[in-house]
Amino acid sequence: MKSCLVVDDSKIIRKVARRILEELNFDIHEAADGQDALDTCKGAMPDVVLLDWNMPVMNGLDFLKALRKTEGGTEPIVVFCTTENDMSHISAAISAGADEYIMKPFDREIIESKFVQVGLL
Amino acid sequence: MMKSEDFEMISSLLKKRSGLILPKDKVYLLESRLTPIAHKRGLETLDELLEEVRRYSKEDLLTEITEAMTTNESYFFRDNKPFDLFKDIVLPQLLESRAGRKRLRIWCAAASTGQEPYSLAIILKEMEAKLAGWDIEILGTDISQQVLDKAKMGLFSQFEVQRGLPIQLLIKYFNQVGELWQISDEIRNMVSYRKFNLLDSFSLLGSFDVIFCRNVLIYFDQTTKTEVLEKMRKLIPDDGWLFLGAAETVLGITDKFKPVQGQRGLYSTSDASTEVISKLKAG
């Protein structure tokens, strides 16, 4: 079973994402901000990170940059999942090493289709 | 609840005009899709609309009803596999066999809002270097003018560009227009669109090296399926290809196309194409 770290400061979004991803057979861990996520990753790298952008303490982009510099941090597939839906944010995320990008609002079909594209399903 | 003679009237109208078979358990679709047409025309109920159909049979109303009942769900790189087969098997074979003429024609026979022809155009654009000097035409047709108008604009919602389209391709080939995403002119100009009914004569279409006819035959009865496929066969040369939807088949419908073993959705016109595949696999 592949592991997915869901990073979002909204408890509701984490719950929705968890439900969708558990149905797709992922083992889910949660983090409420970038720092929390980075600490979790240093403990054990997940196979994939579903990542919000705007969060307190450390935002998604800063987390991604820090993750990619961490030992083993180039391994996880990172899929952004954010309300930031303009080309400049998307390009910045991809340049920083994100593998895919989901613009909120999302549904099961979008998550599934993006996870297929990055080879997780 | 719709009266059964009303259901019969509309379903025979749809069958005659588009080939669409409407099963009795889909009566809710009639109600949900035709009621807005009634309202748009200032009528209060579906019954009043049906009365209008019965009494006047006006062409524009019948067209509007037919278009409203067709299903236009579509997404970029739908099912992935057919597009991989197109890129890895079909194109290499055609590039070799047409190297003299350097000309290819591709037909998307149920183009809907354009995601399928644009996905093919993107594939071709991505391998541009190999295609220098080639003249490749992609024709998208559909029975519904409304969806073709949308296809021509190339404007898609945020939801539509997230179904099947890798983010790198969104960045590369789309521009943000307000809340929407528009496909770039370089891709848009690779596809031409024309309104076309698959029940009509194919004689003016010319020939095609590849036909995509995915997820449309499922709405037809057996006889119509056979007729459409046999008309298509006449447009494809002996080493051409046909793509059908994942839930569709030629088995029991026609022997003019052969399923390509192990390549779901891909059909060849002769055993010759199957040999090409074994050669490609070997080489």
Side-chain angles (χ1 to χ4, degrees), chain A residues 4 6-8 13 16-17 20-21 23-24 48-54 60-61 64-65 68 74 76-121, chain B residues 71-88 112-113 115-116 118-120 122-123 126 154-188 214-215 245-247 264-265:
Chain A
C4 179
V6 176
V7 190
D8 203 301
I13 298 283
V16 172
I20 293 171
L21 288 162
E23 277 175 26
L24 296 172
V48 53
V49 182
L50 188 71
L51 182 62
D52 187 20
W53 193 299
N54 297 303
L61 190 66
L64 175 59
K65 288 175 180 166
R68 293 307 193 207
T74 53
I77 289 169
V78 174
V79 179
F80 258 102
C81 184
T82 168
T83 51
E84 299 295 349
N85 63 357
D86 58 284
M87 197 63 106
S88 58
H89 277 88
I90 298 174
S91 301
I94 300 301
S95 308
D99 297 283
E100 258 300 339
Y101 199 103
I102 292 169
M103 297 175 263
K104 286 176 183 168
F106 62 90
D107 61 8
R108 186 198 153 103
E109 207 172 341
I110 288 174
I111 292 210
E112 202 173 340
S113 130
K114 291 288 182 182
F115 275 44
V116 166
Q117 269 154 35
V118 292
L120 284 163
L121 292 170
Chain B
T71 297
N72 295 303
E73 193 184 68
S74 183
Y75 28 103
F76 290 98
F77 299 98
R78 184 172 188 173
D79 302 334
N80 287 314
K81 172 101 175 161
F83 296 93
D84 291 342
L85 293 175
F86 173 73
K87 193 170 63 188
D88 300 334
S112 188
T113 40
Q115 283 92 328
E116 182 180 83
Y118 287 139
S119 299
L120 295 171
I122 288 173
I123 290 175
E126 288 280 294
L155 273 171
F156 298 95
S157 70
Q158 178 172 302
F159 192 74
E160 288 169 319
V161 297
Q162 298 205 86
R163 297 170 86 189
L165 187 71
I167 199 72
Q168 298 281 7
L169 297 180
L170 181 79
I171 296 174
K172 213 162 155 185
Y173 296 117
F174 286 77
N175 300 304
Q176 204 163 13
V177 182
E179 295 288 294
L180 300 174
W181 295 84
Q182 186 162 38
I183 201 152
S184 66
D185 288 346
E186 58 175 352
I187 300 297
R188 205 143 54 106
R214 301 168 64 216
N215 307 306
R264 198 187 177 95

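Below, each value reflects all heavy atoms present in this structure, side chains not excepted, and no hydrogens, waters or symmetry copies. Below, chains carry the letters A, B, ... as their sequence lines are ordered, and counting in each starts from 1.
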Count the heavy atoms belonging to other residues, nucleotides or ligands that lie under 6.0 Å from CZ of B:Arg264, then report whether that count exceeds 12.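 Atom CZ in B:Arg264 is not packed in, count stays at 12 or less.
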Is B:Phe77 close to chain A through its backbone or its side chain, or both, or neither, when contacts mean heavy atoms under 4.5 Å? neither
Can you tell me which portion of A:Gln117 sits under 4.5 Å from chain B's heavy atoms? Options are side chain, backbone, both or neither. side chain
Flag the one option from A:Ile90, A:Asp99, A:Val116, A:Val118 with the top tally of heavy-atom pairs under 4.5 Å to chain B. A:Ile90
What verdict does the side chain to side chain contact (heavy atoms under 4.5 Å, CB included) test give for B:Leu170 and A:Met103, after you've listed the backbone C-alpha separation in whole Å, the side-chain angles of each residue and the deciding distance to 0.1 Å? CA-CA 12 Å; B:Leu170 181 79; A:Met103 297 175 263; 3.9 Å; yes
Verify, without hydrogens or angle tests, whether [X] (side chain) and [Y] (backbone) share a donor-acceptor contact under 3.5 angstrom.
X: A:Ser113; Y: B:Arg163; answer: no
X: B:Gln176; Y: A:Asn85; answer: yes
X: A:Lys114; Y: B:Pro166; answer: no

Rounded distance [0.5 Å steps], CD1 in B:Ile167 versus CZ in A:Phe80: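 Taking CD1 in B:Ile167 and CZ in A:Phe80, the distance rounds to 11.5 Å.
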Atom pair CD (B:Gln158) and CD1 (A:Ile110), whose distance is rounded to the nearest 0.5 Å: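 With rounding to 0.5 Å, CD (B:Gln158) is 7.5 Å from CD1 (A:Ile110).
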Do you know the tightest heavy-atom contact between A:Ile94 and B:Gln168?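 That would be CG2-NE2, 3.4 Å.
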